[in-house]
Amino acid sequence: MPTFMVETYQFTDEHTASTSVEQIMIDGVTKAAMTADGSHLCAVTAGFAGRPQLIAFERNAETGALDMVSTVAEGSTVGDDEVIVEGLAQARGLAVHTSHLFVSSGRGGGDTAAFDLSDPANPSFVGKQDSFVPFLSFFASCGHSLARHDVLAADIACRASSYLYTVQVGGFSSVFPGDLLALTGFRTDTFGNDLPNIDDVLSYIASPDGRHVYLAGLSQQLVFFPNFEIVESSLLVVFERRTGN
């Protein structure tokens with residue numbers, strides 16, 4: 001397993017040179033996200049012996065330096081009920097809510113784990129929602145996640161058949177699906193509106209007020225005339241966020 005260095009440098013007052021502030025050795029960082037207040041950074045790593053980890057860093061707002069304060073490993077047990085931590089393997093998307101972190105990863109590209117950030121130095125595992133992808137899981141990849149403002153939830157964008165869904169936190173050990181779009185590949189949303197075919201999600205952003213999300217992607221179409229070829233087109237799709245199911 002390759003080892004990577006997280007290094008922090010700080011400019012001199014004259015900005016004529018930089019000096020090394022801190023160096024941290026970490027195995028295989030795959031994704032990272034900052035807490036809403038900027039005080040901490042959470043990173044998912046490949047970990048040791050095939051056990052991915054969620055690492056929490058305290059951030060020095062003045063220098064930007066990071067100080068590792070806690071780790072949570074895949075397969076470890078937490079709490080009095082010894083709940084097993086799951087959902088960190090093959091992390092593809094991280095979304096930070098004011099009080100929660102969502103990690104989209106794993107089987108079929110759609111497993112989503114939730115962590116409570118009430119104490120950002122010690123993320124607490126809440127639970128995991130299994131993948132929603134019913135078929136074509138080999139082609140699915142959920143690499144884009146956005147936290148919602150109005151509820152403890154994250155919207156996850158995927159390629160292939162099920163390309164948009166919501167995962168919501170109800171309480172301790174309660175992570176459940178919210179709105180599902182194109183779940184069975186019929187290309188309709190919860191309200192019966194037709195959805196365009198998006199084979200690859202390139203970008204996924206939310207409006208500042210949280211009311212809308214914008215998904216940019218590529219659509220592929222097989223054309224037989226005049227030549228047998230695959231034609232690729234670009235799309236920008238706008239969704240209105242709705243609360244609840």
Side-chain angles (χ1 to χ4, degrees), residues 4 28-34 36 41-46 52 87-97 100-114 129 131-149 153-168 177-191 193-223 227-242:
F4 299 91
V29 176
T30 56
K31 291 289 181 181
M34 192 171 295
L41 185 142
C42 296
V44 179
T45 77
L88 295 178
Q90 303 173 29
R92 295 187 177 96
L94 269 63
V96 177
H97 187 276
H100 285 73
L101 168 72
F102 295 88
V103 181
S104 299
S105 59
R107 179 178 59 84
D111 292 351
T112 301
Q129 170 61 53
S131 173
F132 296 116
V133 182
F135 59 91
L136 297 177
S137 60
F138 177 78
F139 301 100
S141 176
C142 302
H144 303 271
S145 303
L146 294 172
R148 288 204 175 194
H149 296 256
D155 296 323
I156 295 93
C158 314
R159 61 174 300 179
S161 58
S162 304
Y163 69 77
L164 191 63
Y165 62 86
T166 300
V167 173
Q168 190 166 344
D179 296 331
L180 308 175
L181 303 183
L183 176 63
T184 57
F186 290 113
R187 306 296 176 195
T188 58
D189 65 13
T190 310
F191 306 95
N193 300 309
D194 292 333
L195 295 173
N197 179 34
I198 295 182
D199 297 290
D200 195 6
V201 180
L202 302 179
S203 182
Y204 187 44
I205 59 176
S207 60
D209 60 7
R211 289 186 56 194
H212 300 90
V213 290
Y214 297 81
L215 189 153
L218 299 176
S219 177
Q220 295 180 341
Q221 183 177 4
L222 188 62
V223 176
N227 300 309
F228 181 80
E229 60 181 334
I230 296 177
V231 177
E232 200 169 61
S233 58
S234 301
L235 296 173
L236 178 61
V237 187
V238 183
F239 294 94
E240 180 185 2
R241 279 172 160 173
R242 304 298 294 265

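Along the sequence shown, the residues carry numbers beginning at 1. Since the structure is predicted, the reported quantities are computational estimates derived from the model, not experimental observations.
Every residue two or more places apart in sequence or in another chain was checked for a side-chain hydrogen bond (donor to acceptor under 3.5 Å, both in side chains) with S219, and none qualifies. Remark: A153 pairs with R148, V151, T166, Q168 by the side chain to side chain contact (heavy atoms under 4.5 Å, CB included) rule, at least two apart or across chains. Residues forming a side chain to side chain contact (heavy atoms under 4.5 Å, CB included) with A36 (at least two apart in sequence, or on another chain): none. Every residue two or more places apart in sequence or in another chain that forms a side chain to side chain contact (heavy atoms under 4.5 Å, CB included) with A33 is listed here: L94, V96.
Looking at every heavy atom in both residues, S203 comes nearest to I205 through OG-CG2, 4.2 Å. Minimum interatomic distance between F102 and V167 (heavy atoms only, all atoms of both residues): CE2-O, 3.8 Å. Here the shortest heavy-atom pairing between A113 and G87 reads CB-CA, 4.1 Å. Heavy-atom minimum distance, L146 versus A206: CD1-N, 3.7 Å. Annotation for Y204 and S145: closest pair CD2-N, 4.5 Å, computed over non-hydrogen atoms. Taking each heavy atom of G210 and R241 in turn, the nearest pair found is O-CD, 3.0 Å.
A 4.5 Å side-chain heavy-atom check between S234 and L218 finds at least one atom pair inside the cut-off.
The structure places NE2 of H144 at 7.0 Å from CG of L202, a figure rounded to the nearest 0.5 Å. Atom CG of residue L88 and atom NZ of residue K31 lie 14.5 Å apart, to the nearest 0.5 angstrom.
In this structure, H100 and H97 have perpendicular ring planes: the angle between them is above 60°, well past the 30° mark.
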